[in-house]
Q: 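Just dropping this structure here.
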There are 2 protein chains.
Amino acid sequence: MKLDPRHLEILFAIVESGGMGEAADMLGKSQPSLSRSVSLLEERVGLPLFEPGRRPLRPTELGLALAAEGRKVFQAMRDSGTVLEQFQRGKTGAVRVGGTPVFLDGVISPMIADFQANNPSVRIDQSYGYAAELLPRLEEGSLDLAVLPMRDASLPDGFAFQQILTGRNVIACRSGHPLMRRGAVKLPEVSKYPWIAPPANSPLYHDLRAVIEGIGTKDFKIGFSGGSLTAVVSILTGSDALTVLPFSVVFMMRHLKTVSALPIRIGDPDRHLGILHHIAQSPRPSVERFTGFLTQEFASLSTRITRVGQASVWLP
Amino acid sequence: MKLDPRHLEILFAIVESGGMGEAADMLGKSQPSLSRSVSLLEERVGLPLFEPGRRPLRPTELGLALAAEGRKVFQAMRDSGTVLEQFQRGKTGAVRVGGTPVFLDGVISPMIADFQANNPSVRIDQSYGYAAELLPRLEEGSLDLAVLPMRDASLPDGFAFQQILTGRNVIACRSGHPLMRRGAVKLPEVSKYPWIAPPANSPLYHDLRAVIEGIGTKDFKIGFSGGSLTAVVSILTGSDALTVLPFSVVFMMRHLKTVSALPIRIGDPDRHLGILHHIAQSPRPSVERFTGFLTQEFASLSTRITRVGQASVWLP
DNA sequence: CAGTTTCATAACTTGCCGTTATATAATGAG
DNA sequence: CTCATTATATAACGGCAAGTTATGAAACTG
């Protein structure tokens, strides 16, 4: 015979509260409802759960034993209520975020650290990739959002793109770089130094190409290529090499005082950093909370960047 | 919003078994039933519990979290099933047994020890008393059964009496008592020794009076009275005092080799030991199991007693 | 690409929950 | 002992959802 867990919950409430009236209040039901549930349960069990003819209802041994099980059910339901609330408020859950390595490592990861300080129960699954790989994953639902530099025009159908930062690249070098010592740097001078190239299929690589073409010189030494941001920074700080990086990335690293941006204006990319997601995937609360956090952080970052930008010279 | 614990159980079963079909078998329901329960739960929760468009159903984070709560519910229901079965089979519960001190201590308690060896989860609440006290308690339901010596004729309405042992009293003494050394003992001889008297309102006291009257001598020394069986036996073994005890009590103590029965035939009481209960109280399974055990034990005790009785001389 | 498996839908019956109104029974006070 | 009070049971009824079988659609498998 199968018992109804709701009956055990009711039994528990009655035993716990000491009477049907209080139990009814406790459960938000009417007293007759409980009364009938109890008789139904007793009928199924075949044994009395309360001693008959006792007005402050007193449970039998069996009644107590089953009420103990009812307590477990009750607690499980309470717990599931809080679990559910946590999920609904986005305080629990998973966020699967993809993006280009440089932005993810240089800008997003520190923000994730902040986010997790306030949302310790939200798990972040981060994965690297460029638009070509990330778009299908957004579409199939194995990714919740992607942080990508993107041209508005190149947005495929079914995706939503929310810009969070205007694209701006700089030529980066180590803080004590020879070119930093002089007041102004002329473009042709940079061609004397070796260059670090991002992976060939990355957006940054295209930007690098555009910069190099803008300078006009064909004579560039590529001393290193294909590394992650960490590798690039290591090479950068250990040599006089140059590279092209998003200004935001250099900005985020400013407190390290190891990497600087050359005071040269180069052509800005036609891409802007934004959050991409697929409209067919209704975002879970945790994802919404995370994207909300990201946009807020980027808004703050934007104002800080433009303030510094207006100050023109900001570097250590 | 309140969730239905049965839904969580279903969710757990699906997550656990890996599919709706198996879960349906596991729960003894049909697959469409589960399907609809899940959609109903998802609707209430407002968030997907399974990733959409996946054929071997894969739970979401929230689905897993709620399934974990469902497991608790499931286990509580399993447990309550076994608890219930235990009660129904009488393997768990309480038995409130009353009786006269001498029988309870001398005969019933050792049997309870045996019973509890096989039924460790049955709690026995033992209380002492005579018919005058025990009958009302049976009637009001604060006692399940009483083991009493009783006259059939004196059985009040509403009670059932099941005889388990024919009444037979003996004169008891310590094993090395002077009267035991001679072949036959004549009744007048016993008047030389001090007597131990049971409490004045006990059935045994009436029996003692009857024996004494049967002997004819008015000259009896009462050296001790009012004690429990333990006290009586202590006095008995430490002195040459005599007393009247039910044969069954002496019989149960035979392996102690400290108490014997004088080989004198005295008048048997007009009471017989039996189990008394009130017919309005439908017995719980544990009570039924216990009374069944008792009658069986007494049946066995009866045959052993009569076998020894036919051998006439049985004492150490 | 077809076959198979797995899940969702449809249509319908049944059971039980939840309600309000009211009866009945145990308890406690005088 | 009786009455007032409180606590539980019953009645009647609407409604939701669980349960069924039959069937359709979609995703995985080879």
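What's counted below: heavy atoms across the whole structure, side chains too, no hydrogens, waters or symmetry copies. The chains referred to below are lettered A, B, ... by the order of the sequence lines, with proteins before strands, and numbering in each begins at 1.
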Q: What nucleotide among D:dA18, C:dC7, D:dC28 has an atom nearest to a side-chain atom of B:Q31?
A: C:dC7
Q: Grab the CD-C1' distance between A:E43 and C:dC16 for me, whole Å please.
A: 12 Å
Q: Taking the side chain as every heavy atom from C-beta outward, state whether A:S109 and A:Q126 have any pair of such atoms under 4.5 Å apart.
A: yes
Q: If you check the B:M20 side chain, which of C:dC17, C:dC7, D:dA18 turns out closest?
A: C:dC7
Q: In whole Å, I'd like the distance from the CG atom of B:L49 to the P atom of C:dC7.
A: 15 Å
Q: Whole angstrom is fine here: how far is it from CG in B:L40 over to P in C:dC7?
A: 18 Å
Q: In this structure, how many angstroms lie between the P atom of C:dT6 and the CZ atom of B:F50, rounded?
A: 15 Å
Q: When you measure from the side chain of B:N119 to the backbone of B:K91, do you find a donor-acceptor pair of N or O atoms at a distance under 3.5 Å?
A: no
Q: Would you call the rings of B:F74 and B:F12 parallel, tilted or perpendicular, where under 30° means parallel and over 60° means perpendicular?
A: tilted
Q: Starting from P on D:dC28, measure out to CZ on B:R54 and report it in whole angstrom.
A: 7 Å
Q: How far apart are the C-alpha atoms of B:K2 and A:E9, what are their side-chain angles, what is the distance that settles it, and do they pass the salt bridge (Lys or Arg N to Asp or Glu O under 4.0 Å) test?
A: CA-CA 13 Å; B:K2 196 64 172 54; A:E9 248 186 311; 3.5 Å; yes
Q: For the pair made of CD in B:E51 and P in D:dC28, what is the distance, rounded to whole Å?
A: 11 Å
Q: On a plain distance test, is the side chain of B:R36 in donor-acceptor contact with the base of D:dA18 below 3.5 Å?
A: yes
Q: Is the shortest side-chain N/O distance from A:S30 to OP1 or OP2 of C:dT19 below 4.0 Å?
A: yes
Q: Identify whether any heavy atom of A:R44 sits under 4.0 Å from a base atom; if not, whether one sits that close to sugar-phosphate; answer base, sugar-phosphate or nothing.
A: sugar-phosphate
Q: Could you state the atom-to-atom distance from CG of B:L57 to C1' of C:dT5 in whole Å?
A: 13 Å
Q: Identify, between B:G19 and A:H7, the residue whose nearest nucleotide on DNA chain C lies closer to the 5' end.
A: B:G19
Q: What is the distance, to the nearest angstrom, from the CZ atom on B:R58 to the P atom on C:dT6?
A: 16 Å
Q: Name the nucleic acid region contacted by B:P32, choosing base, sugar-phosphate or nothing; use a 4.0 angstrom heavy-atom cut-off, strictly under.
A: base
Q: Walk me through it: do A:V15 and A:F50 pass the test side chain to side chain contact (heavy atoms under 4.5 Å, CB included)?
A: CA-CA 9 Å; A:V15 169; A:F50 292 95; 4.2 Å; yes
